[in-house]
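Comments concern the structure below.
In what follows, every chain begins at residue 1, and chains take the letters A, B, ... in the order their sequences are listed.
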Amino acid sequence: MARSPGTQGYTSQPTFQNSILHMSLAGFDTLRREHPDQDSAIQRLEQVMAEILIGDPAATLDERHLSSVTELSTELIEHWLVELMKAAALESRVAWICPVTHGTSTTERLLKDLPRRIECQKCGLHHDYDPAQIDVFFVATEPLLASLQYFRDQR
Amino acid sequence: MKLAKFNALAGGAGQYNCAVITIHGLRTRGAWQKWVTLPFQDAGIRYSPIDYDHQLVLALLRPTWRADGFIESVVQAWQDHDEAGLAVTAAGHSFGTLVLGRALQRNPDLRLQRVILAGSILSPAFPWLELARLGQVGQVLNEVSRSDLAARFARFLPSRWTGSSGYAGFTDGSGTVTNRHYSWIGHSDAVVRLHVEKVWVPFLLHGALPS
């Protein structure tokens, strides 16, 4: 069951950290239900994501950064990000990675919208589409951003 | 996250360039349809294998009637991809080419951007040009081999829609069909991993063929 601000049970003004400990971002209840033995790890990810998104609601979320901040394995974060996407808390985006500079040449909402060939903004060369050069990252959906509101108000 | 990893985790909710439906032949359940998952997934191609179970060669006594019995599973797979907003392609082997051809003939609203035929038993006069004019098919790659005896003898099958196109090619000269000739491959030899990666995947993605 989703926890709401009204059921938190605080008698004193909660701190930002405390509020995160007692609230669920959209999608995280699903994650907890699916992995009841991983509650503390899920809470760590939830806390980090809330902090990132409060700072920048349009922030991109990727497993490497989240893994380094949460100290959870990249593999675990990858699985959970996809589960959060399936729970409609995140949306995926695709990035064409320049094979020369390893920077992002271009991004799109959908893979099928990427061109077959691009003139790279990073290195100035032309690159042909290569699936191996495509990275997927995530952005927050409206429901996830809406569920941040409570945390934002507490800051 | 790499695209292939993401799609392996996300399944139908992944990021895809297009979709492909594959259909196997008779006397097999199409083991190749399992291993092609990986190259398709790596390339960002959403994939639906059609498995109509192991069918005896007796099905060839009434080939068109038998093939028509499997059309619905093709249509369902197509609808699933179409609803996801993806351009749909298809690849058929042997009897699967007849199922594919009949699915297009019986469903005027079925649209396939690209089609690959391996060991085709469709008639060389199959109306690809007409299907292209109706907007039902974009490009067809027909893999032809003079070593394909099964396709060669398919001309004796009792149906106007069957024939030796896997042996002799299609007669359509409109440019819709590309008959790509191979000297030594037999009836099932085109469906090997390297060939799928080097020929099928680029063709399904972009309509491109290696020189």
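Enclosure of atom CD in Glu142(A) is not indicated, since only 12 or fewer non-hydrogen atoms of other residues, nucleotides or ligands lie within 6.0 angstrom. Around atom CZ of Arg117(A), more than 12 heavy atoms belonging to other residues, nucleotides or ligands sit under 6.0 Å away. Surrounding CD of Gln79(B) are more than 12 heavy atoms belonging to other residues, nucleotides or ligands, all under 6.0 Å away. Other residues, nucleotides and ligands contribute at most 12 non-hydrogen atoms within 6.0 Å of the CD atom of Glu130(B). Remark: Arg193(B) CZ is packed, more than 12 non-hydrogen atoms of other residues, nucleotides or ligands lying under 6.0 Å away.
In terms of heavy-atom pairs under 4.5 angstrom with chain A, the leader among Gly85(B), Ala4(B), Gly11(B) is Gly85(B). For the options Asp62(A), Leu110(A), Thr74(A), Ile77(A), heavy-atom pairs under 4.5 Å to chain B are most numerous at Leu110(A).
Lys112(A) and Asn17(B) make their closest contact through CB-O, 3.6 Å (heavy atoms, listed as atom of the first residue, atom of the second, distance). When every heavy atom of Lys86(A) is checked against every heavy atom of Leu9(B), the shortest pair comes out as NZ-O, 3.1 Å. When all heavy atoms are compared, the tightest approach of Asp42(B) to Pro131(A) is O-CB, 3.0 Å. The heavy-atom pair separating Ala13(B) from Met85(A) by the smallest distance is O-CE, 3.5 Å. Heavy atoms only, all atoms of each residue included: Lys2(B) and Ala132(A) are closest at NZ-O, 3.2 Å.
Contact annotation for Glu63(A): only side-chain heavy atoms (C-beta onward) come within less than 4.5 Å of a heavy atom of chain B. In this structure, the portion of Leu205(B) lying under 4.5 Å from any heavy atom of chain A is its side chain and not its backbone. Looking at Val136(A), the atoms closer than 4.5 Å to chain B (heavy atoms on both sides) sit in the backbone and in the side chain alike.
Put simply, the side chain of Gln15(B) does not reach to within 4.5 Å of the side chain of Ile134(A), judged on heavy atoms. Proximity of Glu75(A) to Lys5(B): side-chain heavy atoms (C-beta onward) are separated by under 4.5 Å at one or more points.
Atoms CG and CG, from Leu86(B) and Leu111(A) in turn, are 9.5 Å apart once rounded to the nearest 0.5 Å. One distance of note links CD of Glu78(A) with CE of Met1(B); it measures 4.5 Å at 0.5 Å rounding.
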